[in-house]
Amino acid sequence: MLSPSPCNYELLVSVVESTGASVLTSKAEYLATHYLTNWYPLITDLTPETKFYSVDDDLESEFNLLGWNGFFIKDYVKSLKTSVGSMIDKPSQIKTVVAEMDRFRGSIE
């Protein structure tokens with residue numbers, strides 16, 4: 001099964017269109033809603049404060065700087081159930097969550 005990445009969506013659109021049919025959601029619309037970073041600015045007043053980091057950042061240090069009591073971890077596309085869950089209360093737990101996200105998903109977006 002292909003993941004719903006932008007490249008795979010483009011492939012889906014081309015396959016659908018090659019049959020003479022059309023998709024209901026354009027590639028531009030799909031991209032506008034696929035990644036959290038694209039649509040989060042539209043709902044900032046309706047949701048808790050959200051921070052964005054790269055998986056290559058020193059996440060434990062970044063989380064320590066926030067001084068928060070808890071963290072909900074997700075990638076830019078969706079949350080993922082891991083054996084430890086997506087909620088952590090100590091920045092030191094982020095390494096385990098990221099490792100499991102990568103293991104269970106095969107990649108982190």
Side-chain angles (χ1 to χ4, degrees):
M1 176 183 219
L2 293 175
S3 68
S5 72
C7 292
N8 289 334
Y9 191 76
E10 187 171 8
L11 175 62
L12 172 66
V13 170
S14 70
V15 169
V16 168
E17 289 176 347
S18 74
T19 68
S22 61
V23 295
L24 296 175
T25 304
S26 71
K27 181 182 175 189
E29 292 168 328
Y30 177 78
L31 291 175
T33 60
H34 184 67
Y35 290 117
L36 174 64
T37 51
N38 294 343
W39 55 264
Y40 176 74
L42 303 173
I43 62 163
T44 56
D45 59 330
L46 303 172
T47 190
E49 182 178 3
T50 301
K51 300 290 185 179
F52 298 97
Y53 300 99
S54 166
V55 71
D56 297 322
D57 290 342
D58 181 353
L59 298 173
E60 186 173 344
S61 293
E62 294 288 345
F63 287 12
N64 276 317
L65 290 173
L66 292 172
W68 293 354
N69 293 327
F71 309 87
F72 176 71
I73 310 301
K74 65 188 294 334
D75 69 3
Y76 289 169
V77 179
K78 59 185 171 183
S79 58
L80 172 72
K81 292 181 180 164
T82 65
S83 68
V84 294
S86 295
M87 298 286 295
I88 62 172
D89 55 10
K90 292 182 260 181
S92 61
Q93 296 168 307
I94 186 59
K95 291 176 186 167
T96 301
V97 173
V98 169
E100 289 197 5
M101 287 175 76
D102 189 43
R103 187 175 113 222
F104 291 124
R105 292 262 319 268
S107 67
I108 298 175
E109 293 189 62

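Note: hydrogens, waters and symmetry copies are ignored here, and every other heavy atom, side chains too, is used. Index from 1, following the sequence.
Rounding to the nearest 0.5 Å gives a distance of 10.5 Å between CG of L42 and OG1 of T33. With values rounded to the nearest 0.5 angstrom, Y40 atom OH is found 8.5 Å from K51 atom NZ. The CE atom of M87 lies 10.5 Å from the CD atom of Q93; values are rounded to the nearest 0.5 Å.
In this structure the side chain of Y9 never reaches within 4.5 angstrom of the side chain of L31, judged on heavy atoms. Between M101 and I73, some side-chain heavy-atom pair lies under the 4.5 Å cut-off. Between F71 and V97 the shortest side-chain heavy-atom distance does not fall below 4.5 Å. By the 4.5 Å heavy-atom criterion applied to side chains, I94 and Y53 are not counted as neighbours.
Under the 4.5 Å side-chain contact rule for hydrophobic residues, Y35 and I43 share a cluster. Cluster membership check: F72 does not share its hydrophobic cluster with L65, using side-chain heavy-atom separations under 4.5 Å among Ile, Leu, Val, Met, Phe, Trp and Tyr.
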Show your reasoning for whether side chain to side chain contact (heavy atoms under 4.5 Å, CB included) applies to F63 and I88.
-> CA-CA 11 Å; F63 287 12; I88 62 172; 4.1 Å; yes

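Closest approach of S61 and D58 over heavy atoms only: OG-OD2, 2.7 Å. Contact detail for Y30 and T25: the closest heavy-atom pair is N-CG2, 3.7 Å. Among all heavy-atom pairs drawn from P91 and N64, the shortest one is CG-OD1, 3.3 Å.
At a cut-off of 3.5 Å, with distance as the only test, a side-chain donor of E29 or S26 sits close to an acceptor on the other residue.
More than 12 non-hydrogen atoms from other residues, nucleotides or ligands lie less than 6.0 angstrom from CG of L46.
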